Amino acid sequence: MFHKLVMITFLTYYVNAEDNILEDRRLDFLGLAKKYGLLCEAHEVITEDDYILKIFHIPGDKTRPVLLVHGIIDTGDAFIIRGNSSLTVALVRKGYDVWIGNTRGNEYSRRHQRLNPDVDKEYWNFSFHEIGVWDLASKIDYVLNKTGQIQISFIGHSQATTAFFALASIRPVYNKKIKIFIALAPIAFLHHLDSSPMREGLLAWPYINYFFTKINKEEILGKKSLEKYVFKLLCSQKNAYEWCVKGLMMPINGYDLQEMEPEFWYVLLGHYPSATSLKSLSHYQQIWTKRKFCQMDYNEYRNLALYNSSEPPDYDLSKVTTKVALVAAPNDRMSRIEGVKYLKQFLPNVVDFIVLGHKTANHLDFTYGKHMHLYLFPHIMKLLEKYI
Ligand SMILES: *[C@@H]1O[C@H](CO)[C@@H](O)[C@H](O)[C@H]1NC(C)=O
Ligand SMILES: *[C@@H]1O[C@H](CO)[C@@H](O)[C@H](O)[C@H]1NC(C)=O
Ligand SMILES: *[C@@H]1O[C@H](CO)[C@@H](O)[C@H](O)[C@H]1NC(C)=O
Ligand SMILES: *[C@@H]1O[C@H](CO)[C@@H](O)[C@H](O)[C@H]1NC(C)=O
């Protein structure tokens with residue numbers, strides 16, 4: 001009898017735990033928000049170039065709006081997938097009015113007023129440049145309009161930082177709309193990166209790009225794409241943690257197994273990776289090759305037409321006059337501390353430069369790490385309170 005009871009208790013516990021995990025893998029942003037007790041609404045933001053973006057809003061104190069934007073091949077889910085230990089929940093508990101963006105091309109924002117992403121190549125004609133100059137600008141204006149404020153706080157991860165640096169240098173009026181820009185794993189220059197799979201990929205990029213262009217592929221990691229199918233198939237196998245996490249994700253982003261436990265990997269697979277454009281990757285590849293933070297390099301003829309110069313112009317970082325807090329992770333192989341220090345000298349208004357205390361913290365821990373409520377969120381809360 002006793003054995004049976006123990007067995008039943010154990011099984012119930014095990015099955016429930018399993019259900020709980022499986023559920024988070026399957027739930028979308030609104031589903032996760034509901035599960036973790038947040039009242040969330042979805043809004044549509046239309047950019048000046050007619051992209052239709054989804055932005056999530058968890059209402060709080062309207063005088064303290066915070067906008068969160070995710071990195072490349074990611075979605076707004078990044079900020080809620082850790083549930084009760086996620087940044088979204090932490091900010092809501094502190095009373096902030098929280099807005100979570102989705103960049104063009106990802107599963108929530110794969111829409112346009114005129115263009116069809118499935119047919120029109122033009123839809124995929126974007127990189128972090130357009131994600132900054134159009135998407136971020138429209139999101140910032142939308143939040144300002146809805147809250148009636150003149151400034152918001154902005155938190156970006158990885159590509160969202162590149163996009164914001166582009167926006168603030170090309171359209172400097174946006175500097176005035178931001179109280180504080182908290183740049184997590186900031187990237188403007190890429191030549192300090194130290195990740196061998198990434199370097200191999202970047203070296204091979206001209207060939208990969210040529211091949212994809214030949215087969216008319218503009219969207220990468222789309223819902224029905226072969227590369228996504230293969231990734232999901234391989235990375236949800238029994239040994240996936242060995243192959244995909246230890247063998248691929250960690251070599252690219254930095255080793256930190258502590259912060260990405262096996263159960264979480266299977267949850268994450270329901271949300272990551274998401275789609276982006278081939279051009280996004282090409283623009284980053286150029287920045288890495290050129291060791292410069294500059295606009296997209298086309299052929300000489302088009303460069304002349306677009307920029308009145310045969311070389312693409314650098315983004316003028318001296319125009320990024322908003323208050324910037326740079327947050328780096330000691331074991332981040334993409335946005336290395338060295339690289340962030342290099343970037344810092346070009347920025348005129350850096351108010352803080354934080355290196356996370358967790359020695360093995362990597363590029364993805366900012367959004368996906370298990371203990372960011374201990375290592376990262378206290379820094380964010382302090383910055384938001386200080387620059388209110
Ligand atoms: C999240 O935390 C809240 C408050 O501590 C708790 O009531 C709730 O049960 C937790 N939700 C989940 C799904 O763990
Ligand atoms: C893509 O955008 C660039 C720069 O704005 C432009 O020169 C080019 O014609 C566009 N290409 C397509 C296929 O729309
Ligand atoms: C927000 O935008 C609408 C439509 O353009 C406008 O009528 C309204 O006055 C704006 N609200 C604020 C607070 O700026
Ligand atoms: C283009 O560049 C040339 C040489 O730098 C300069 O003389 C000219 O004024 C520029 N034209 C425009 C339209 O900016």
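Ligands are counted one by one from 1 in listed order, and the atoms in each one are counted from 1 as well. Quick note: numbers below take in every heavy atom, side chains included, and nothing from hydrogens, waters or symmetry partners. On a predicted model such as this, the values are computed, not experimentally measured, just so you know.
Heavy atoms of Arg302 found under 4.0 angstrom from ligand 2 belong exclusively to the side chain.
In this structure, Arg291 is not positioned above the aromatic face of Tyr342 in the sense of NZ or CZ being under 6.0 Å from the six-membered ring centre and within 45° of the axis. Both cation-pi conditions hold for Lys177 and Tyr174: the charged atom is under 6.0 angstrom from the six-membered ring centre and inside a 45 degree cone around its axis.
For atom 7 (O) of ligand 1, no protein non-hydrogen atom is found at a distance below 4.0 Å. Atom 14 (O) of ligand 3 is flagged as protein-proximal [any protein heavy atom, distance under 4.0 Å].
When all heavy atoms of Lys232 and Leu269 are compared, the closest pair comes out as NZ-O, 2.5 Å. Listed here is the closest heavy atom pair of Glu130 and Asn125: CD-O, 4.2 Å.
Atoms of ligand 1 lying under 4.0 Å from any heavy atom of Tyr36, numbered from 1 in the order shown and given with element: 12 (C), 13 (C). Every atom of ligand 2 is numbered from 1 in the order shown, and the set under 4.0 Å from a heavy atom of Glu122 is 14 (O).
From the protein, the heavy atom lying nearest to atom 3 (C) of ligand 1 is Asn84 ND2, 3.6 Å. Protein heavy atom nearest atom 10 (C) of ligand 2, with residue, atom name and distance: Asn125 ND2, 2.4 Å. The protein heavy atom nearest to atom 9 (O) of ligand 3 is Asn145 ND2, 4.9 Å. Protein heavy atom closest to atom 4 (C) of ligand 2, with residue, atom name and distance, is Tyr298 OH, 3.4 Å.
Taking the six-membered ring where the residue is Trp, Phe181 and Phe165 present perpendicular rings, their angle passing 60° and hence far from 30°. Classified by interplanar angle (parallel below 30°, tilted 30° to 60°, perpendicular above 60°), the ring pair Tyr142/Trp99 is perpendicular.
A salt bridge is absent between Lys224 and Glu107: the closest approach of a Lys/Arg side-chain nitrogen to an acidic carboxylate oxygen does not fall below 4.0 angstrom.
Look at Arg93 and you'll find a heavy atom under 4.0 Å from some atom of ligand 1.
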